Novice: 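Pasting a structure here, questions to come.
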Amino acid sequence: MRYYAVVDCDNCYVSCERVFRPDLKHAVVVVLSNNDGCVVARSNEAKQLGVKAGTPYYQLASLFPQAKIAVFSSNYELYGEMTARVMSLIRKAAPQCFRYSIDEAFCVLDGMERVDLKQWGEQLHQQILRCTGMPVSIGIAPNKTLAKMASHFAKHYAGYRHCCLIDTKEKRGKALRLYPLKEVWGIGRRLAARFQALGMETAWDFAKQQLGGGNVVLERTWRELNGEDCVPNEGMARKKTICTSRSFNGMISDVGELATHVANFAARGAEKLRRQGSVAAVVGVFIETNPFREDLPQYWNSCDETLLTPTDATATIVETARRCLDRVFLPGYHYKRAGVLLMGIAPASGIQTNFLDFDAERFQKLKSLDAIVDRINKQNGTETVVLAAQQYRPRKPGGRAKAEVFANVIRHDFRSKNPTTRWCDIVQLK
DNA sequence: TCTGGGGTCCTAGGACCC
DNA sequence: TCTGGGGTCCTAGGACCC
């Protein structure tokens, strides 16, 4: 029988922060979303206190007036580096594995018939903790849905020593009966509510139900709960759409300022495209006012443009995004969020050029330009070199300077340092 | 004052074609 | 009175994931 393991970092962002702040080991810790908007990660102590995921930061103080809460802005540079280290250890330990998200990986444990899987998992947990400081939970079972369920038990019951193995029908039955249906991988809030109305509370209730018609996705979940292995192992290799968007700290009415941000989103999108070796055929832009401000007029719009020849060139994508913005922008509104979407993504190796439009010389020039810019930005930090369009130029003297405009983009008042990626932040021992 | 940012897949329905 | 049958492609919306 084939077995799967899921390795899941415990409270990932909080754990990353704690590695360099051992004084917070038992503290109530939360990490905020971009813009210091709302809570996206909580330590166990924070969960116990009753801090809910998604709580707006500005409500924390009034919701928990007595509590001492350590707050961090999100620091993706740190989380990216820390989780990369965890992933490399998992890759060494498992015969096959694929990353499922920033903090999770699935392993296919083929060829390990003679290995004690429970012990293997416990050792992997210890090794990752020792080498990186990251606590993980490991679930092992005959399919991914059950492995996810097992990892949940590993996380919540100390007796499992961070690894839970479901390898018999009896263990599966016991786990299903203890597992709330709404926690099942593939059953979200909406479906759970629907099934609950029909009297199903646990994974067991659902698994024992006769499945009638409908949706293939749901049927796969049902089959997996019953022990079959049928959720495909995703390639996940290349993204099919790439979206770069942000909410602004405050609101923006000036088209020039908005265009600067859109240019930055477009440039980031183009970088992501090149990193995965793809080109995009369609560039889209959306802009949006603040839906929470019911006192202000609301407006949302988007538009896209299909390129004659798909590209990964920053300059082309930025120009196209600018044209799209001009088509949707209406003066007089206060914009809160904008984004750039890249669609129609295909491998860069097989570009279909348009014979009317294609300029081979320009194509080559942009290509080498982007290659150099990417290299400089990789060595010296992102956005060391940018297009002029990515910098805001005040129209009159005394207008706002670039630095102030970018300070307005994202708020991160509680950002930690980057001791794993920047020499200037390296930890000093006294 | 203050409310995140990415993705995937499936389905139903409409447009269009012969 | 009375208006076919089969197919493809695209889009919007709804569900899910982290």
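This structure is a prediction, so every number in the text was calculated from the model and none was measured. Just so it is clear: chains get the letters A, B, ... in the order the sequence lines come, proteins before strands, and each one is counted from 1.
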Novice: Rounded to whole angstrom units, what separation is found between the OH atom of A/Tyr100 and the C1' atom of C/dC16?
Specialist: 8 Å
Novice: With side chain to side chain contact (heavy atoms under 4.5 Å, CB included) as the criterion, how do A/Cys243 and A/Phe286 come out once you've worked through the C-alpha distance, each side chain's angles and the decisive distance to 0.1 Å?
Specialist: CA-CA 10 Å; A/Cys243 175; A/Phe286 64 87; 4.3 Å; yes
Novice: Passes side chain to side chain contact (heavy atoms under 4.5 Å, CB included), A/Arg293 versus A/Lys336? Steps please.
Specialist: CA-CA 10 Å; A/Arg293 289 292 300 268; A/Lys336 180 65 179 171; over 6 Å; no
Novice: Relative to each other, are the rings of A/Tyr179 and A/Phe153 parallel, tilted or perpendicular (30° and 60° limits)?
Specialist: tilted
Novice: Aromatic rings A/Phe265 and A/His261: how do their planes relate, parallel, tilted or perpendicular, breaks at 30° and 60°?
Specialist: parallel
Novice: Heavy atoms only, 4.0 Å cut-off, all strands: where does A/Asp36 land among base, sugar-phosphate and nothing?
Specialist: nothing
Novice: Please give, in whole Å, the distance from C/dC17 C1' to A/Leu218 CG?
Specialist: 15 Å
Novice: When we call it a touch if two heavy atoms are under 4.0 Å apart, what does A/Arg194 touch: a base, just sugar-phosphate, or nothing?
Specialist: sugar-phosphate
Novice: Could you tell me whether A/Val184 contacts a base, only the sugar-phosphate backbone, or nothing, with contacts defined as non-hydrogen atoms closer than 4.0 Å?
Specialist: sugar-phosphate
Novice: Please determine whether a side-chain nitrogen or oxygen atom of A/Thr244 lies at a distance below 4.0 Å from atom OP1 or OP2 of B/dG6.
Specialist: no
Novice: Of A/Leu176, A/Val184, A/Asn143, A/Val6, which meets side-chain contact (heavy atoms from CB on, under 4.5 Å) against A/Met149?
Specialist: A/Leu176
Novice: Using a heavy-atom cut-off of under 4.0 Å over every strand shown, decide if A/Leu32 touches base, sugar-phosphate, or nothing.
Specialist: nothing
Novice: Using a cut-off of strictly less than 4.0 Å, decide whether A/Lys240 has a side-chain nitrogen or oxygen near OP1 or OP2 of B/dC9.
Specialist: yes
Novice: Would you kindly give the CG-to-C1' distance between A/Leu191 and C/dC17, to the nearest whole Å?
Specialist: 13 Å
Novice: Of A/Lys47, A/Lys155, A/Arg42, which is the lone residue that meets side-chain hydrogen bond (donor to acceptor under 3.5 Å, both in side chains) with A/Asn11?
Specialist: A/Lys47
Novice: If you compare every side-chain N and O of A/Thr55 against the phosphate oxygens of B/dT3 (OP1, OP2), does one of them come in below 4.0 Å?
Specialist: no
Novice: Separation of A/His412 atom NE2 from B/dC2 atom C1', in whole Å?
Specialist: 16 Å
Novice: When you get a sec, tell me which of B/dT11, B/dG6, B/dT3 is the closest nucleotide to the side chain of A/Arg246?
Specialist: B/dG6
Novice: Base, sugar-phosphate or nothing for A/Ile102? Non-hydrogen atoms, less than 4.0 Å.
Specialist: nothing
Novice: Is the ring pair A/Tyr100/A/Trp185 parallel, tilted or perpendicular, if the boundaries are 30 and 60 degrees?
Specialist: perpendicular
Novice: Between C1' on C/dC17 and NE2 on A/His152, what's the gap in Å once rounded to a whole number?
Specialist: 16 Å
Novice: Looking at B/dT1, does its base get a donor-acceptor pair with the side chain of A/Tyr58 below 3.5 Å?
Specialist: no
Novice: Pick the closest DNA chain B nucleotide for A/Asn34 and for A/Arg220 by heavy atoms, then say which residue is nearer the 5' end.
Specialist: A/Asn34
Novice: Any side-chain N or O of A/Lys272 below 4.0 angstrom from OP1/OP2 of B/dG5?
Specialist: no
Novice: Using a cut-off of 4.0 Å on non-hydrogen atoms, how would the nucleic acid contact of A/Gln59 be classed: base, sugar-phosphate, or nothing?
Specialist: nothing
Novice: Of the nucleotides B/dC10, B/dG7, C/dC18, which has the atom closest to the A/Cys243 side chain?
Specialist: B/dG7
Novice: How many Å lie between CG on A/Leu342 and P on B/dT8, as a whole number?
Specialist: 12 Å
Novice: Using atom CZ of A/Phe248 as one end and atom P of B/dC2 as the other, report the distance to the nearest whole Å.
Specialist: 15 Å
Novice: When you get a sec, tell me which of B/dG5, B/dT1, B/dG7 is the closest nucleotide to the side chain of A/Arg337?
Specialist: B/dG5
Novice: Please state whether the phosphate of B/dT8, meaning OP1 or OP2, lies under 4.0 angstrom from any side-chain nitrogen or oxygen of A/Lys239.
Specialist: no
Novice: Expressed in whole Å, how much space separates the C1' atoms belonging to C/dC17 and B/dG4?
Specialist: 15 Å
Novice: At less than 4.0 Å, is any side-chain N or O atom of A/Arg293 found next to OP1 or OP2 of B/dT1? Yes or no.
Specialist: no
Novice: Determine which bases of DNA chain C form Watson-Crick or G-U wobble pairs with both distances under 3.5 Å, and write the result as a 5' to 3' dot-bracket string with | for other-strand partners.
Specialist: ....||||||||||||||
Novice: For atom NZ of A/Lys208, is the number of surrounding heavy atoms from other residues, nucleotides or ligands below 6.0 Å larger than 12?
Specialist: yes
Novice: Do any side-chain nitrogens or oxygens of A/Thr241 fall under 4.0 Å of OP1 or OP2 in B/dT8?
Specialist: yes
Novice: Considering every strand and a 4.0 Å limit on heavy-atom distances, what is the contact class for A/Ile242: base, sugar-phosphate, or nothing?
Specialist: sugar-phosphate
Novice: Heavy atoms only, 4.0 Å cut-off, all strands: where does A/Ser74 land among base, sugar-phosphate and nothing?
Specialist: nothing
Novice: Provide, to the nearest angstrom, the distance between the CG atom belonging to A/Leu273 and the C1' atom belonging to B/dG6.
Specialist: 16 Å
Novice: In terms of side-chain heavy atoms of A/Arg190, which of C/dA15, C/dC18, B/dT3 is nearest?
Specialist: C/dA15
Novice: Is it true that A/Arg322 and A/Asp326 make a salt bridge, defined as a side-chain N closer than 4.0 Å to a carboxylate O?
Specialist: yes
